[in-house]
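Input: a single structure, listed below in C-alpha cells.
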2 protein chains.
Amino acid sequence: MGDPGTVAAPRVAQLRPSAAQARIISAALELFARNGVGGTSLQMIADTIGVTKAAVYHQYNTKDEIVLAAAEAELARLEAVIGAAEAEPSRARARKTLVTGMVDLAVAHRRTVSTILNDPVIVRFFAEHESFRHVMDRMSRVLMGDDIGHEARVSTAMLTAAISGTVMHPLVVGLDDETLRSQLQRLAERLLPAMSAKPERSSPATRN
Amino acid sequence: MGDPGTVAAPRVAQLRPSAAQARIISAALELFARNGVGGTSLQMIADTIGVTKAAVYHQYNTKDEIVLAAAEAELARLEAVIGAAEAEPSRARARKTLVTGMVDLAVAHRRTVSTILNDPVIVRFFAEHESFRHVMDRMSRVLMGDDIGHEARVSTAMLTAAISGTVMHPLVVGLDDETLRSQLQRLAERLLPAMSAKPERSSPATRN
DNA sequence: GTCTATATATAGATAGAC
DNA sequence: GTCTATCTATATATAGAC
C-alpha cells in the first residue's frame with residue numbers, strides 16, 4: 001500500500017464548487033435522495049435555495065452537470081477515506097481503515113449515500129466516467145487485494161451494498177448513530193473476503 | 001411458525017392484472033430499473049409495448065397506480081417465498097428457506113429487484129401502504145423471530161440490503177447466475193442474527 | 001382495447017436587463 | 001449573481017370515435 005512515492009491522489013472533482021454552487025449541490029443531494037434524480041427538477045432545486053431557475057443555470061449549464069457535481073461531491077468524501085486506507089502500512093490495517101471510514105461516512109450521511117449510490121442515473125454516470133471507475137477500482141483493490149476471483153468479487157460487492165443500503169433501511173431509522181455505527185462495523189467485518197495467504201511483503205506485488 | 005389455522009395469506013395485490021395490464025407492468029418494471037420511477041414517463045411505457053398513451057390510461061388511471069401495480073407484482077413474488085418459509089416446521093429451517101428464496105429471487109431478477117426496492121418513490125409507497133409494511137413485517141419476523149433488539153434489526157436490514165444491492169453491483173455483472181447465487185447465499189448466512197435461545201416449538205410442524 | 005386529438009402544466013434551457 | 005420573460009418539448013391526463 002503505502003507507496004511513499006505517490007503524493008497526491010488524483011481527484012475526482014475538477015474544480016471545487018463556489019459558495020453558490022455548494023448550495024445548489026447541497027439542495028440537489030437532498031432532493032435526489034427524496035425524489036430520485038429523474039424526479040427532481042431544476043425548479044425544485046431553485047425553490048429550495050430560494051432563487052430562480054436562471055440563477056441555477058448561471059452556475060451549471062445543464063442538469064447533467066449538476067448531477068455530476070453532486071455525485072463528485074459525495075465521491076470526494078469516499079476518496080478521502082480510500083486515500084487514508086491506502087496510506088496504511090499493511091493490507092489488514094488498510095482494509096480495516098477503509099471499512100471503518102465507509103461505515104462512518106454512510107452513517108453520517110444516511111439519506112444521501114444510499115440513494116446516490118443506487119440511483120440508476122448516477123449508476124450510469126459511474127459506468128461512463130473513467131474518474132468514477134478509478135475510485136471504485138481503488139476501493140476494490142484495498143478490499144480484495146489482487147484477488148479478483150468470484151468469492152472476492154461477490155463479498156466486496158456485498159460489503160459496499162450492505163453498508164450503503166442498511167443506513168436508510170426502514171428497520172434502522174429509529175436507531176441512533178452510535179448504535180448503528182458499531183453494529184454495522186461489526187457485521188461488515190463478517191463480509192470481508194478471506195485474505196489471500198500471500199504474506200505481507202514490501203517488494204512490489206505480482207501484478208498482471 | 002406454521003400456524004395451521006391460517007389458510008390464505010393476505011395478498012398484496014387486489015386483483016390480478018389482465019394481459020394488457022401485465023404487459024404494462026412488465027415494461028414499467030424494466031424502465032423503472034433503467035431510469036428510475038421519476039425518470040420514466042407514460043409515453044416511454046406506451047412506446048415500449050407499442051401502443052399509445054391513451055391505451056395505457058385505459059388500464060390505469062394515473063401513473064401512481066402503475067407504480068403501485070408494479071411494486072405489488074414484485075412484492076407478490078417475495079410474499080410467496082415468505083409464505084413458504086412460514087410453513088416450515090422450525091425457525092432454523094424457516095430462515096434458511098427464506099434466505100435461499102430471497103437470493104434466488106434477487107438473482108433471477110437482477111435488474112428490477114434492487115432498483116425497485118431502492119427507488120425513493122417506491123420506498124415512500126412502502127412506508128405509506130399498510131399492506132406493504134405487513135409483508136416486510138412478516139419477513140422480519142421470520143429472520144429475527146421476536147427479537148427486536150438493535151443487533152437483530154441491523155443484521156436483518158443489512159441482510160436484505162446486501163442481497164438486493166449486490167445483484168446489480170458493477171463488480172458482479174459478469175458473473176453467471178449460478179456462481180452469484182451460491183456465493184451470495186453463503187455470504188448471506190454470515191449476516192443472520194444469532195438465534196435467540198428460545199427452543200424450537202415442538203407442536204404443529206409438518207405442513208402438507 | 002386502441003386510436004386521434006387536445007387541454008394544461010411543467011420540464012430543460014436561453015436571452016438579456018440589472 | 002440574480003432577475004423577468006420566453007422558447008420548445010414533453011409531462012400527466014381526458015374526451016370521444018372506432
Side-chain angles (χ1 to χ4, degrees), chain A residues 13-73 115-116 119-122 124-125 128-129, chain B residues 13-73 115 119-122 124-125 128:
Chain A
Q14 277 81 330
L15 293 108
R16 55 174 146 287
S18 69
Q21 287 172 330
R23 264 177 294 149
I24 292 171
I25 289 175
S26 172
L29 281 171
E30 189 56 40
L31 288 164
F32 291 166
R34 203 172 299 277
N35 311 111
V37 173
T40 300
S41 68
L42 295 193
Q43 186 67 65
M44 293 179 194
I45 296 173
D47 289 348
T48 299
I49 62 181
V51 297
T52 62
K53 273 193 296 182
V56 176
Y57 272 106
H58 182 71
Q59 304 296 334
Y60 296 102
N61 293 322
T62 64
K63 184 182 177 182
D64 272 8
E65 282 184 31
I66 297 178
V67 176
L68 201 62
E72 278 170 352
T115 323
I116 293 297
D119 191 286
V121 177
I122 308 223
R124 209 170 306 164
F125 271 122
E128 288 168 0
H129 291 260
Chain B
Q14 277 81 331
L15 293 108
R16 58 173 144 286
S18 69
Q21 287 173 330
R23 265 175 294 148
I24 291 172
I25 290 175
S26 172
L29 282 172
E30 189 56 40
L31 288 165
F32 290 166
R34 203 173 299 278
N35 311 112
V37 173
T40 300
S41 69
L42 295 193
Q43 186 67 65
M44 293 179 193
I45 296 174
D47 288 348
T48 300
I49 62 182
V51 297
T52 62
K53 276 190 296 183
V56 175
Y57 272 108
H58 182 71
Q59 303 297 333
Y60 296 103
N61 292 323
T62 65
K63 184 182 175 181
D64 272 8
E65 281 183 30
I66 297 178
V67 176
L68 201 62
E72 279 170 351
T115 322
D119 190 287
V121 177
I122 307 224
R124 208 171 308 164
F125 270 121
E128 288 168 359

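Below, chains carry the letters A, B, ... as their sequence lines are ordered, and counting in each starts from 1. This is a predicted model, so every value here is computed, not measured.
- For DNA chain D, the span of nucleotides reached by chain A at under 4.0 Å from its heavy atoms goes, 5' to 3', from dG1(D) to dT4(D).
- Looking at which nucleotide of DNA chain D each of Tyr57(B) and Ala54(A) is closest to, the 5′-most match is held by Ala54(A).
- Between Ser26(A) and Arg23(A) there is no side-chain heavy-atom pair separated by less than 4.5 Å.
- At least one donor-acceptor pair under 3.5 Å links the side chain of Asp119(B) to the backbone N or O of Val37(B).
- Within 4.0 Å (heavy atoms only), Ala20(B) reaches sugar-phosphate atoms of the nucleic acid but no base atom.
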Would Ile45(B) and Thr40(B) count as a side chain to side chain contact (heavy atoms under 4.5 Å, CB included) here? Give the steps.
CA-CA 8 Å; Ile45(B) 296 174; Thr40(B) 300; 4.0 Å; yes
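- Rounded to the nearest 0.5 Å, atoms CG (Leu31(A)) and OG1 (Thr115(A)) are 11.5 Å apart.
- With the end axes of the helix from dG1(C)-dC18(D) to dC18(C)-dG1(D) each set by five pairs, the angle from one to the other reads 10° at 10° resolution.
- Between the CG atom in Leu42(B) and the CD1 atom in Ile24(B) there is a gap of 9.0 Å [rounded to 0.5 Å].
- The side-chain heavy atoms of Asn35(A) and Val121(B), taken from C-beta on, include no pair separated by under 4.5 Å.
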Could you walk me through whether Val51(A) and Val56(A) satisfy the side chain to side chain contact (heavy atoms under 4.5 Å, CB included) test, starting with their C-alpha distance in whole Å, then the side-chain angles of each, then the deciding distance to 0.1 Å, before giving a yes or no?
CA-CA 8 Å; Val51(A) 297; Val56(A) 176; 4.1 Å; yes
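- Residue pairs meeting the side-chain hydrogen bond (donor to acceptor under 3.5 Å, both in side chains) criterion with at least one member in residues 43-70 of chain B, sequence neighbours excluded, are Gln43(B)-Asp47(B).
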Apply side chain to side chain contact (heavy atoms under 4.5 Å, CB included) to Arg124(A) and Val67(A), showing your working.
CA-CA 11 Å; Arg124(A) 209 170 306 164; Val67(A) 176; over 6 Å; no
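- The side-chain hydrogen bond (donor to acceptor under 3.5 Å, both in side chains) check on Arg34(B) picks up Glu30(B), with sequence neighbours excluded.
- Near DNA chain D, defined here as any heavy-atom distance below 4.0 Å, the residues from residues 28-50 of chain B are Thr40(B), Ser41(B), Leu42(B), Gln43(B), listed numerically.
- Between Tyr60(A) atom OH and dG12(C) atom P the separation is 16 Å, expressed in whole Å.
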